[in-house]
Amino acid sequence: MKTIKIFAPATVANLSCGFDVLGCCLDTIGDEMVISITDQQGVRITKIDGADLPMETHKNVAGVAVEALLVALGKTEIGVDIEIYKKIKAGSGIGSSAASSAGAVWAVNHLLGNPCTPQELVAFAMVGEKLASGNAHADNVAPALLGGFTLVRSYTPLDVLKLHTPQDLVMTVIHPQIEVKTSDSRSVIKQNVSLKQAITQWGNLGGLVTGLFTEDYELIGRSLEDVIIEPLRSILIPEFQQVKEAALSTGALGCGISGSGPSIYALSKGLETAEKVSNAIRDVYQKTGLDFDIHVSKINAEGVKIMNYPEA
Ligand code: HSE
């Protein structure tokens with residue numbers, strides 16, 4: 001039996017102007033998983049700690065993602081046991097399901113000698129996202145697998161690019177302790193956008209990608225704008241506008257909904273500003289009486305990380 005313990009990172013998807021195409025990987029927030037290759041044919045979820053999630057393989061995002069990988073590799077005769085130690089809450093908007101599906105396929109691929117590149121693993125992890133939300137978006141699983149900032153240039157055919165990560169970027173994320181299902185949050189979005197909105201959005205998307213590669217923090221900041229999704233979804237998030245105003249007036253480069261919410265992200269230059277932003281948005285939320293968590297994290301340029309190889 002071959003076993004590996006991994007860190008499966010949380011991720012912030014969309015980054016305001018890049019709905020379903022942009023995402024970045026966090027460093028201090030993530031699940032732990034122990035994955036083993038066994039002689040007993042089939043994929044099994046053997047333990048879930050920290051969350052009430054399905055143990056049945058075909059209902060579990062990690063289970064279906066690994067099954068899809070094994071079918072593609074022609075390795076359905078092997079066995080895989082998956083233990084999941086959830087630290088990222090489901091429905092938080094920081095890629096909880098993506099961490100499980102990306103972590104599981106990454107670990108199995110690693111134990112099999114890396115037959116797939118991280119880019120190739122994205123398609124298998126997306127099978128988990130499809131199960132979780134009804135939509136096979138890749139903007140959480142791609143940064144979890146590749147690390148740093150990623151862009152899904154195309155879904156058909158799938159073309160995932162790793163962008164540059166400026167060293168000084170630090171993320172502050174507030175997670176109000178309410179659950180917003182991605183499927184519900186997607187149902188409030190309109191299926192059509194106006195040309196005017198599209199022009200603003202793709203201008204900002206190009207600006208953000210340019211800002212990342214040129215390490216132009218001002219450009220990154222002014223590109224973090226979403227005129228299409230945020231106006232519709234932000235009504236689901238208590239105190240969204242107040243949090244955004246507090247973050248921006250404290251020096252954050254930009255602030256918006258993390259993935260499908262309810263988490264809100266703020267991107268800052270430097271840890272000191274990110275900590276000040278954390279305090280400012282904490283002040284806003286403390287007045288609401290709602291429970292919340294706040295995380296401050298550097299960008300994880302690596303993605304899934306090996307923690308150790310436990311004794312088999
Ligand atoms: N792009 C997806 C959405 C991310 O916004 O619905 C879900 O975390």
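In this chain, numbering begins with 1 at the start of the sequence shown. Only this structure's heavy atoms are used, side chains among them; waters, hydrogens and symmetry mates stay out. Whatever order the structure lists ligands and atoms in, that order sets their numbers, starting from 1.
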Specify side chain, backbone, both or neither for I229, according to which of its non-hydrogen atoms lie closer than 4.0 Å to ligand 1.
-> neither
In terms of hydrophobic clusters joined by side-chain contacts under 4.5 Å, are Y155 and V193 together?
-> no
Which of the atoms of ligand 1 are close to R186, meaning less than 4.0 Å from one of its heavy atoms?
-> 1 (N), 2 (C), 3 (C), 6 (O)
Any chance CD of Q286 has more than 12 other-residue heavy atoms, nucleotides or ligands included, within less than 6.0 Å?
-> yes
Ion pair present between E272 and K276, side-chain N to carboxylate O less than 4.0 angstrom?
-> yes
Taking only non-hydrogen atoms of D20 and a 4.0 Å limit, the atoms of ligand 1 in range are 1 (N), 2 (C), 3 (C)
If you count the atoms of ligand 1 from 1 in the order shown, which ones are under 4.0 Å from a heavy atom of N140?
-> 4 (C), 7 (C), 8 (O)
Is the closest basic N to carboxylate O distance between K86 and D52 below 4.0 Å?
-> no
Counting heavy atoms not belonging to E218, are there more than 12 under 6.0 Å from its CD?
-> no
Consider ligand 1: state whether an atom of it lies below 4.0 angstrom from any non-hydrogen atom of R233.
-> yes
Any atoms of ligand 1 less than 4.0 Å from a non-hydrogen atom of T182? List them with their elements.
-> 6 (O), 7 (C)
Heavy atoms of R233 and I189 approach each other most closely as NH2-CD1, 3.4 Å
Please say whether D139 places an N or O atom under 3.5 Å from an N or O atom belonging to ligand 1.
-> yes
Give the cluster check for V64 versus V105: same hydrophobic cluster or not, with ILVMFWY residues linked at side-chain heavy-atom distances below 4.5 Å.
-> no
Among non-hydrogen protein atoms, atom 7 (C) of ligand 1 lies closest to H137 NE2, 3.5 Å
Please identify which atoms of ligand 1 are closer than 4.0 Å to at least one heavy atom of F19.
-> 3 (C), 5 (O), 6 (O)
Run the numbers for me: atoms of ligand 1, each under 4.0 Å from some heavy atom of G259, listed by number.
-> 5 (O), 8 (O)
